[in-house]
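Each remark here refers to the structure printed beneath this line.
The first residue of the sequence shown is numbered 1, and numbering continues consecutively from there.
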Amino acid sequence: MMKLLCLFLAVAGFGLAAAKLADPTPGEPLTVTMGQRTPTKIRVARGQATLIRLPEGQRVMNTYGGDKGEGGVWFVDAGKIPTRYLAVKPKEVGIHTTLHVISNTGQEISFFVQEVTGLDGKFDAEVDAKEGNDADTYAKEVKWVPADDIVSCRQHADSLKVDAAEATKKAEQSAATTVAEYQTNYPKKLFFGYEWDYAKAEKLGFEIAWSDDKFTCFRAKNVLALYELDQDGKPSLIQYSFADGLYTVPKLLYDGYFAIGPKKANKLAFHRSKP
């Protein structure tokens, strides 16, 4: 009889212990405020990870409290690259710790983290931190930047410098090539086959006429009016530029004349022969 009673008590005790240590289930998401002075209690459960989310635009830069070593009783993970997420996971039952989280804008929030297996049927699987009243003061200036970001920015800047130098070098080489090709090919475009009365041209101060594929030029000492003749022989006044003894007309002229006054002696007709 005594053995049966002892066995019954042992089985009952084991059942109570098993019921008492049953893992809690996730409760409603918990909302906390950044910068609040009183640490917020967070219920965590063994074998479960509780996710803490900072407000948009903030990153977890550092955490204090809880043993983050592999042999410790707490696992706190902010990721290799700082994000707004932080995971907390207890490795033992019935333990507790304080956890302080610092964001990249200098805002902070403190938690009292308690493992509640056997004490509470619910645990906080998700914790959302919202902006505090002094968020505007902090948000104006980012106080910490991840070292990886700095290295990445420097590498990117160095890469841009190299790209810019290479682009400049290629542009200079291309420009030099273009100039060289132009200098080589331009003389081939020049055509000096203009005919006029050379005696009259000398009298009026005209020396030579030529054209390329876009312009007609005249070398002369005096400035006269310039007329172009159409297919019917009708003249029309032509606009030109004159500088340092050079007439430059932005078109090809075939037939025309220079004139000053009504006298024929002051009129110099010209004709562009076929190449």
Partner set under salt bridge (charged side-chain N to carboxylate O under 4.0 Å, His left out) for D128, not counting sequence neighbours: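 Partners of D128 by the salt bridge (charged side-chain N to carboxylate O under 4.0 Å, His left out) criterion, ordered by chain and then number, come out as R53.
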With sequence neighbours excluded, tell me which residues meet salt bridge (charged side-chain N to carboxylate O under 4.0 Å, His left out) with R84.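 Residues passing salt bridge (charged side-chain N to carboxylate O under 4.0 Å, His left out) with R84: E56.
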Closest heavy-atom contact between [X] and [Y]?
| X | Y | value |
| --- | --- | --- |
| T248 | P250 | O-CD, 4.0 Å |
| A78 | V60 | CB-CG1, 3.9 Å |
| F242 | Y240 | CB-CE1, 4.0 Å |
| A129 | M34 | CB-SD, 3.7 Å |
| P82 | R59 | O-CD, 3.5 Å |
| K122 | G27 | CD-CA, 4.2 Å |

Does [Y] offer a backbone N or O that forms a donor-acceptor pair with the side chain of [X] under 3.5 Å?
| X | Y | result |
| --- | --- | --- |
| D120 | V116 | no |
| Q48 | A45 | no |
| T50 | D124 | yes |
| D77 | G79 | yes |

Under the ring-ring contact (aromatic ring centres under 6.0 Å, His included) definition, can you give me all pairs with a residue in residues 92-112, not counting sequence neighbours?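 Counting only pairs at least two positions apart or across chains, the ring-ring contact (aromatic ring centres under 6.0 Å, His included) contacts touching residues 92-112 are H96-F112.
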For the [atom1] atom of [X] and the [atom2] atom of [Y], what is their distance to the nearest 0.5 Å?
| X | Y | atom1 | atom2 | result |
| --- | --- | --- | --- | --- |
| S103 | M61 | OG | CE | 9.0 Å |
| R46 | I95 | CZ | CD1 | 12.0 Å |
| S110 | L99 | OG | CG | 8.0 Å |
| K130 | I109 | NZ | CD1 | 10.5 Å |
| I52 | T63 | CD1 | OG1 | 9.5 Å |
| N62 | I102 | CG | CD1 | 7.5 Å |

Within the supplied structure, the quantity of interest is the number of heavy atoms (other residues, nucleotides, ligands) at a distance under 6.0 Å from Q173 CD; does it exceed 12?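 Atom CD in Q173 is crowded, with more than 12 foreign heavy atoms closer than 6.0 Å.
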Counting only heavy atoms not in K200 (residues, nucleotides, ligands), do more than 12 fall under 6.0 Å from its NZ?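 For K200, atom NZ is crowded (more than 12 foreign heavy atoms under 6.0 Å).
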Answer yes or no: is there an ion pair linking R272 with D255, defined by an N-O contact shorter than 4.0 Å?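 So R272 does not pair with D255 through a salt bridge.
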Can you tell which of F206, Y257, F218 makes a ring-ring contact (aromatic ring centres under 6.0 Å, His included) with F270?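 The residue from F206, Y257, F218 that satisfies ring-ring contact (aromatic ring centres under 6.0 Å, His included) with F270 turns out to be F218.
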For the pair W196 and Y198, evaluate side-chain contact (heavy atoms from CB on, under 4.5 Å) and give the outcome as yes or no after the intermediate values. CA-CA 6 Å; W196 54 28; Y198 290 97; 3.4 Å; yes
Within-4.5 Å side-chain heavy-atom neighbours: [X] and [Y]:
| X | Y | value |
| --- | --- | --- |
| T184 | Y186 | no |
| Q58 | Q107 | yes |
| I238 | Y227 | no |
| T33 | E131 | no |

Hey, mind stepping through L253 and L226 against side-chain contact (heavy atoms from CB on, under 4.5 Å) and telling me if it holds? CA-CA 11 Å; L253 294 179; L226 174 60; 3.9 Å; yes
Pair V249-Q239, side-chain contact (heavy atoms from CB on, under 4.5 Å): steps then yes or no: CA-CA 7 Å; V249 183; Q239 297 293 326; over 6 Å; no
What about F258 and Y247, are their ring centers closer than 6.0 Å?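 Yes.
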Qualifying salt bridge (Lys or Arg N to Asp or Glu O under 4.0 Å) pairs, either residue in residues 94-104, two or more places apart: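 Not a single pair qualifies under salt bridge (Lys or Arg N to Asp or Glu O under 4.0 Å).
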Quick check: is [Y] connected to [X] through a chain of hydrophobic side chains (ILVMFWY, heavy atoms under 4.5 Å apart)?
| X | Y | value |
| --- | --- | --- |
| V73 | I42 | yes |
| L268 | L246 | no |
| L51 | V32 | no |
| Y85 | W74 | no |

Only counting residues at least two apart or in another chain, list the ones meeting side-chain hydrogen bond (donor to acceptor under 3.5 Å, both in side chains) with K251.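 Checked K251 against side-chain hydrogen bond (donor to acceptor under 3.5 Å, both in side chains); matches are E228.
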side-chain contact (heavy atoms from CB on, under 4.5 Å) between V113 and V88: does it pass, once the steps are laid out? CA-CA 9 Å; V113 188; V88 181; 4.2 Å; yes
Show which residues join F215 in its hydrophobic cluster (side-chain heavy-atom contacts under 4.5 Å, direct or indirect), or state none.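 Besides F215, the hydrophobic cluster comprises nothing; the residue is isolated.
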Is K89 positioned over the aromatic face of F75, cation under 6.0 angstrom from the ring centre and no more than 45 degrees off axis?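 No, cation not above the ring by the 6.0 Å, 45° rule.
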